Asks: 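Attaching a single structure in structure tokens format; questions to follow.
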Protein chains: 2
Amino acid sequence: MKIVEALAAIPLFQGMNSEQLQKLALIVADQRYSRGQAIFAEGDAGVGFYVVISGKVKIFKLSSEGKEQILHVFGSGEPFAEAAVFAGSCFPAHAMALETSRIFFFPRLKFTLLIQENPALAMNMMAALSMRLKKFASLIESLSLKEVPGRLAVHLLLLAEEQERDEVRLDLTKSHLASLLGTIPETLSRILTKMTKADMIATNGPSITLLNRDALEALASGEERL
Amino acid sequence: MKIVEALAAIPLFQGMNSEQLQKLALIVADQRYSRGQAIFAEGDAGVGFYVVISGKVKIFKLSSEGKEQILHVFGSGEPFAEAAVFAGSCFPAHAMALETSRIFFFPRLKFTLLIQENPALAMNMMAALSMRLKKFASLIESLSLKEVPGRLAVHLLLLAEEQERDEVRLDLTKSHLASLLGTIPETLSRILTKMTKADMIATNGPSITLLNRDALEALASGEERL
DNA sequence: CGAATCCTTGAGTTCCCTCAAGAGAAGTGG
DNA sequence: CCACTTCTCTTGAGGGAACTCAAGGATTCG
């Protein structure tokens with residue numbers, strides 16, 4: 001797919017005319033990454049930002065013992081590391097491709113010039129940053145106020161909403177899901193077992209069927225425990 | 001203090017000329033809050049954003065059992081709830097004045113008009129949002145990867161850096177600090193006692209003296225435990 | 001069919017939260 | 001100025017959730 005076409009499909013660049021997209025295309029670096037390949041490391045200089053064109057990318061923090069906390073998983077059309085552009089400092093986390101991915105890189109300086117002559121782009125950018133902040137606020141809330149079963153319940157209910165069905169497909173391995181929920185695979189596994197025994201869900205490989213929404217919602221809100 | 005003067009002192013509005021500040025002043029609502037007064041609640045419509053002129057404000061999430069997780073504490077010159085302006089939805093957390101405070105409110109629609117004709121303001125706004133994201137990333141890392149003593153050590157070292165001395169003054173009650181660290185006052189109190197017994201710190205009311213930076217840094221990085 | 005990765009289950013331990021109660025500090029009002 | 005309330009901080013005992021370590025089973029993929 002050509003660069004301009006790919007750009008036009010990115011939500012961040014909606015509302016831009018074709019002339020502006022052409023200009024954008026001139027500054028893009030079109031990159032490929034394979035599964036497991038690092039895109040940048042925490043502490044690297046933030047000289048620009050990225051947009052996932054295809055594939056999947058995880059953004060994560062590492063503890064000194066190697067435990068990882070996933071902050072986000074991004075798919076097609078989603079920008080990441082935008083904050084580095086404006087904070088003008090180094091990346092606060094690691095980024096790695098979860099599968100073979102095509103990624104556009106936008107260099108900081110050239111991009112800031114474009115943004116200044118393009119209010120629509122600026123507004124989109126602020127909207128993107130704001131949505132990101134809201135997501136972080138929810139994650140923080142979950143991590144500090146809810147136990148793991150509650151976090152899992154929230155996640156499952158969100159997935160069911162997104163996919164508009166009760167049989168949900170995890171688009172992540174269970175290990176990654178554990179990391180996203182701020183826990184470890186063993187704990188996640190045990191909780192899935194418990195939920196199954198309590199007839200809240202039925203699992204079948206990467207597919208989970210929600211059997212009792214009320215019970216899950218009670219867990220999600222912290223009213224009930226497993 | 002007059003509104004325009006106050007505006008000129010706000011980092012977010014640096015680089016704006018006096019004509020632009022005048023325009024800004026026209027849309028500001030100058031508000032006062034007393035200690036403990038709610039500014040907005042989670043879920044309220046986000047019809048604008050705020051800047052603290054004087055006093056102190058906490059932004060926090062509540063669990064269903066009433067435990068609170070502080071996301072930020074803002075002081076003079078700092079904007080808050082900016083995300084609501086661009087995400088165009090409701091506030092994702094609660095806001096309350098911690099002491100008598102003067103606060104400027106900027107209504108969403110009028111402010112977005114100003115921002116679109118003012119690239120410098122847009123850039124400042126994006127920088128502010130980006131810094132906020134980085135802070136959140138650190139908080140998430142702390143909450144999920146570090147034990148409470150580690151989080152406290154990080155916080156103390158940061159305070160010492162900000163205040164440029166080893167005798168640090170807490171600008172929060174210990175209960176609030178506990179909430180900011182994602183724990184409860186009892187746990188914080190015990191850890192302070194332990195740190196004191198280990199000769200890492202000396203406490204004297206709201207003042208804490210750092211006696212052994214190396215030990216604190218070892219805790220902060222997770223190499224060592226209490 | 002092996003090799004690698006991912007998932008599950010068990011046993012033991014640790015951290016921190018809950019509940020409870022008392023001590024200290026601070027502000028109010030008589 | 002002192003008793004009073006109120007808020008904050010501290011300390012103790014107990015329990016539970018989740019992590020560590022370890023090993024076996026399942027799945028995928030070349």
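Please read these numbers as outputs of a predicted model, since none were measured by experiment. Convention: sequence-line order gives letters A, B, ...; per-chain numbering from 1.
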Asks: In whole Å, what is the span from the CD atom of B/E99 to the C1' atom of D/dC7?
Replies: 17 Å

Asks: Is the ring centre of A/F136 less than 6.0 Å from the ring centre of A/H72?
Replies: yes

Asks: Quick one: are B/L139 and B/L180 in side-chain contact, heavy atoms under 4.5 Å?
Replies: no

Asks: Roughly, in whole Å, what's the span from CD in B/E65 to C1' in C/dT18?
Replies: 11 Å

Asks: Is there side-chain contact between B/R132 and A/L129, with heavy atoms separated by less than 4.5 Å?
Replies: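 Result no, sub-4.5 Å side-chain heavy-atom pair not found.
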
Asks: Does a side-chain N or O from A/T193 land closer than 4.0 Å to OP1 or OP2 of C/dT9, or not?
Replies: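 A/T193 to C/dT9 OP1/OP2: side-chain N or O found under 4.0 Å.
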
Asks: Could you point out which residue of A/F106, A/F105, A/F49, A/Y50 forms a ring-ring contact (aromatic ring centres under 6.0 Å, His included) with A/F80?
Replies: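 By the ring-ring contact (aromatic ring centres under 6.0 Å, His included) criterion, A/F80 pairs with just one of A/F106, A/F105, A/F49, A/Y50: A/Y50.
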
Asks: Do B/V154 and B/L219 have side-chain heavy atoms sitting under 4.5 Å apart?
Replies: no

Asks: Side chains of A/E141 and A/S138: do they bring a donor and an acceptor to under 3.5 Å?
Replies: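 Their side chains do not contain a donor-acceptor pair, so the 3.5 Å distance test is not met.
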
Asks: Using a strict 4.0 Å threshold on nitrogen-to-oxygen distance, state whether A/E68 and A/K61 make a salt bridge.
Replies: no

Asks: Extract from the structure each pairing of a protein N or O with an N or O of nucleotides 13-18 of chain D at less than 3.5 Å, listing the distance.
Replies:
unit_1: D/dA18; atom_1: OP1; unit_2: A/V148; atom_2: N; d: 2.7

Asks: Spell out protein contact along nucleotides 23-30 of chain D as letters: B when the base is contacted, S when just the sugar-phosphate is, - when no protein heavy atom is under 4.0 Å; keep the 5' to 3' order.
Replies: --------

Asks: Take the protein atom CG of B/L192 and the nucleotide atom C1' of C/dC16, then report the distance between them rounded to whole Å.
Replies: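 One finds 15 Å between C1' of C/dC16 and CG of B/L192, rounded.
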
Asks: By a strict heavy-atom criterion of less than 4.0 Å, which residues belonging to residues 170-177 of chain B are in contact with DNA chain D?
Replies: B/T173, B/K174, B/S175

Asks: A side-chain contact here means heavy atoms from C-beta on lying under 4.5 Å apart; do B/V51 and B/I103 qualify?
Replies: no

Asks: Mind checking whether B/I59 and B/H94 have side chains closer than 4.5 Å, heavy atoms only?
Replies: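 Heavy-atom side-chain distance check fails, nothing below 4.5 Å.
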
Asks: Does this structure show an ion pair linking A/E99 with A/K56, if we count only N-O contacts that are shorter than 4.0 Å?
Replies: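 Counted as a salt bridge, because a side-chain N and a carboxylate O are separated by less than 4.0 Å.
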
Asks: Do the side chains of B/N212 and B/L216 get nearer than 4.5 Å, heavy atoms only?
Replies: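 B/L216 vs B/N212: side chains apart.
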
Asks: Nearest whole angstrom, please: distance from the P of D/dT10 to the CG of B/N204.
Replies: 12 Å

Asks: At under 4.0 Å between heavy atoms, what does A/G36 touch on the DNA or RNA strands: base, sugar-phosphate, or nothing?
Replies: nothing

Asks: Please report, rounded to the nearest Å, how far the P atom of C/dC15 is from the CG atom of B/L219.
Replies: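 The answer, rounded to whole Å, is 12 Å.
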
Asks: Provide, to the nearest angstrom, the distance between the NZ atom belonging to A/K197 and the P atom belonging to C/dT8.
Replies: 12 Å

